[in-house]
Amino acid sequence: MLNRNILFPALIIALSAILLVLISQFPEPRFQDAPVGADFFPAAIAIIQIIICGVLIVQHKNNKKTVKEEPLLSSKSIFGVVFLIAYAVLISLVGYLLASLIGFTFYLIYYKVKKPLYYIVAWIFVFTIYFLFGEVFVISLPEGLLFY
Amino acid sequence: MKRLLKTALITAGLIMSASSFAADYPSKNIRLIVPFGAGGGTDAVGRTLANSSKDILGTSISVMNRTGGAGAVGMSFGANQRADGYTLTVVTREIASLPQMGLMQNTADDFKLIRMVNLDPAVILVPADSPFNTVNDLVAEAKSNPGKVKFASTAAPNFYLMALEKSQSIKLNAVPYNGSAEAIPSVLGHHTQVTMVTPGEAIAQLRSGQLKALGVMSSERISYIPDVPTLKEQGLDVVTGTWRGIGAPKDTPDEIIELLGKAFDQAMATAEFKDFMAKGAMTIHPLKAQEFTDFVKEDTKLLGKLIN
Amino acid sequence: MEHLLNGFMSAFSLAVFPVLVFGVLGGVILGALPGLTATMGVAILLPFTFGMQPTPALVMLIGVYIGGIYGGSIAAILLKTPGTPASAATVLDGHTMAIKGLAAKALSIAAVASFIGGLISTIVLIAIAPILADFALRFNAPEYFALALFGLTIIASVSAKSLLKGLLAGTIGLLVSMVGLDPISSVPRFTFGIMDLYSGINIIPVLIGLFAISEGLNQLEKLSNNKQDVAPKFDYKVLSFPDFKKILPTCIKSGLIGTSIGSVPGAGADISAFACYNEAKRVAKKPEEFGNGSMHGLAAAESGNNGVTGGSLVPLLTLGVPGDAVSAVLLGALIVQGLTPGPLLFTQNPEIVYGIFSSMIVANIVMLLIGFLGIRFFCRIIEVPKIIMIPIIIFLSIIGAYAINNSMFDVGIAITFGLLGFILNKLEIPSSPILLAIILGPMAETNLRKSLIMYEGSWSFLYDRPIALAFILFAVFSVYSTMKLKKRQRSA
């Protein structure tokens, strides 16, 4: 049966193979000739990686112990990943402040949080970071494409 | 919401007429993109200039470090920002070299150059106890033993070295280090025999006498190291070095460029800025917009000859 | 000695002491936030020092440095989100202790160990800086290669369950570290024409992704399983005196290792923390405790990373070259003040040198006090309900990934590695080897190739340079002792 302990190493083997093809297409250096070229180490490591993954697969097949597995990605973690990406996209569009206020509020609503205190804490946090970065550390926060 | 409205109005204003917008410039903070990391030489010059010009411009300039690709990421980012004078970029010699090496899409033509800030020559340095005492000693050794003299290179490829190699038809064994902070200890520890850096990068070792300067690659001697002869004085016609300046995206209105240029002239003349540059052994070279643009064109051609 | 006493007088003077405290406190806060590093802190403060007197200016910057390295441990212990690569080794045992309810103890060990590491480092700096400088100058490409090779063997000892899985994480990290322009020949590798990749993948967003974001996702998943928000139990018991006596030798040893590593330009707190952890595990009576909340592991990592602080000033003060990014800023600060870093500083401006030395000692004491006084306050962070803490961790991670280089691209990197770290976690593949490989991979590769250029293709540098040979033997020995340990564990 295909499970994660076989699928993941197999995936890495496939990726390493693609890398080996890419490595063979590295351009020739123009300015520096070196005894060991730019392609040697990436190729060596990709090959070692394929060997490790191969051994891992064999090891797993020999290991008869079957452990009951939780699903790799639960619905909650998928929400987490989508939330992360949406937040990052929102930041690049409307900037840190708005994106964080919207993001945090949405998150609390999604989890059906009813305590008003939590909302207040969330907003205070967002503004504190805004103040800390902008005024104290003088580090620019993302402004967002729409506003700058 | 207020901000949104304001931004919308500013944008509308920009579309309607660039010159009417320029009238109340600057009305908000200016960003200065530094294409190298916080703490480096370019960063320090950018931050000091920003600090010195804030009172002159009546608005603060916040420095934004955007590193990567030996300056390519930050400079391309700066070139592609809105041309409203609120995003400026520190441009360095890499804008002339990287595009010709195929490592950067934007070129100096994507900027309206405002002012050159500093121009620093390369100095040829050897350990204090090195058998080389003049540049000619070094060239003679390289001629009799081609590819044997170990050169600590601050970058790969190294245009200071290539300029010397080309003019003298010699070849050194260039070991690529990551900047002067690695190259100088390598020479101090006698792992390599010679390096080339700007005076500011080696001023501590020059003052303490740990390193010996064989020659400076400028057309005239440098005030910080008055005893070091130029290569020209030693009969070698090689002039090379590095420079920094300030640029804005190419569609920035001329009024704004002019206004900023005058402000930077004043800033570079402040005691604070002059003091900072003098202590760091950097030479202020305040070329005006046109001269700076011509200079960059010339340097681009020069580098092109070395690269191809 | 007289200079040192005068230095202490000035460290406690009204002009210096407040900026010192400000610097350390600011550094601790910066270090605790993901993505904000001590380097950024000192670079941002640099222009403000132009108008200051030399001593307070340098003292403030050094305070930020010392505080910043320590600050990373707080978030690492409590939230499993190391602020800097230097505190990634702290997570291994520090966070495990916090989970077991020993947060206060872990925080106090971190504070004490950091203090001891920093103090030893400063004392060694004062006593034998010129000798260390000579040692540092002997380091060049072959030695750096050997050091990196030795460092890579630590992967074996941080691979908790399966060596093979640790090695796989290591090769993934090595390949990631090769993205970008090859530093030797400028050939683009795996860049796909994306300019943001030319200088390689920045380690800070990777760190944030692998540790902070993946931990956020992990917590989010657990949230669904038990609806009740139970505050984890813990007590406010700090480090006891017998325990202190137990970890003291580890701290001293790690402080010394950290000082040596710090004094070599280009090798910093991240390598030191892992090397000290490795060494502490090697000599431990119960090495199986490492990774499961070992006091020694935590103490080694913390005194190891703070032990670098004094060491990294060695090349700056004796040679006038910066040993790391922070001392590069300090170099700038010295020059702006009209001082010449290097040997001349000792003869021309001894008051500055000893002012720096004594205020480093005072800064370490201030750090210890902040660490201890803050324990109750820091522990409160654990009591914050998970439902609100998770988004805070995630938001801070995203902002931190952005702030390190003002780049949304880095945010994308952080999210990608967050997802990778989350999946690897499920497969029981450890994340720390990826980090170690990214730190050490480029160091090993470029220095090996640099050595070959220096030696014109000959490999003789592997055996005719004593320091390089020593590190290669260390590497062999490190692999051997880890293998022996694994074998013993299996048979036990």
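Every heavy atom of this structure was used, including side-chain atoms; hydrogens, water molecules and symmetry mates were not.
- Most heavy-atom pairs under 4.5 Å with chain C: of the set B/Gly189, B/Gly209, B/Ser208, this distinction falls to B/Ser208.
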Exercise. Apply the test side chain to side chain contact (heavy atoms under 4.5 Å, CB included) to residues C/Gln337 and B/Lys279: give CA-CA distance (whole Å), side-chain angles for both, the deciding distance (0.1 Å), then the verdict.
Key: CA-CA 8 Å; C/Gln337 295 287 349; B/Lys279 284 182 176 152; over 6 Å; no
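- What you find for C/Arg138 and B/His191 is that their closest heavy atoms are O-CE1, 3.4 Å.
- Checking side-chain atoms of B/Asn173 against main-chain N and O of C/Ile453 turns up a donor-acceptor pair under 3.5 Å.
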Practice problem: Carefully, step by step, assess B/Tyr177 and C/Lys450 under the rule side chain to side chain contact (heavy atoms under 4.5 Å, CB included). | Solution: CA-CA 8 Å; B/Tyr177 289 89; C/Lys450 228 186 266 180; 3.7 Å; yes
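- C/Pro183 touches chain B through its backbone: at least one of N, CA, C or O sits under 4.5 Å from a heavy atom, while the side chain does not.
- C/Val321 and B/Ala181 get closest at one heavy-atom pair: CB-O, 4.4 Å.
- Nearest heavy atom pair, residue B/Pro176 against residue C/Ile184, reads CG-CD1, 3.8 Å.
- Scored by the side-chain contact (heavy atoms from CB on, under 4.5 Å) test, C/Thr191 finds C/Pro188, C/Leu197, C/Tyr198 as partners (sequence neighbours excluded).
- With sequence neighbours excluded, no residue forms a ring pair (Phe, Tyr, Trp, His ring centres under 6.0 Å) with C/Phe409.
- Summarising the geometry of B/Gln205 relative to C/Leu319, their closest heavy-atom pair is NE2-O, 2.8 Å, with the distance given to 0.1 Å.
- Between B/Val175 and C/Met454, the closest heavy-atom pair is CG2-CG, 3.5 Å.
- Chain C forms the most heavy-atom pairs under 4.5 Å with one residue out of B/Asn51, B/Ile184, B/Leu188, and that residue is B/Leu188.
- Using a 4.5 Å cut-off between heavy atoms, B/Ile33 does not touch chain C at all.
- Taking a 6.0 Å sphere around NZ of B/Lys143, one finds it holds more than 12 heavy atoms contributed by other residues, nucleotides or ligands.
- Other residues, nucleotides and ligands contribute only 12 or fewer heavy atoms inside 6.0 Å of the CD atom of C/Gln53.
- For B/Glu182, the part sitting under 4.5 Å from any heavy atom of chain C is the side chain, from C-beta outward, and nothing else.
- Interface residue C/Leu181: only side-chain heavy atoms are found under 4.5 Å from chain B.
- Contact annotation for C/Gln348: neither backbone nor side-chain heavy atoms come within less than 4.5 Å of a heavy atom of chain B.
- Between C/Asp410 and B/Arg66 there is no salt bridge, since none of the side-chain N atoms of the basic residue sits less than 4.0 Å from a carboxylate O of the acidic one.
- The two residues B/Ala204 and C/Pro341 come nearest to each other via the heavy atoms CB-O, 3.2 Å.
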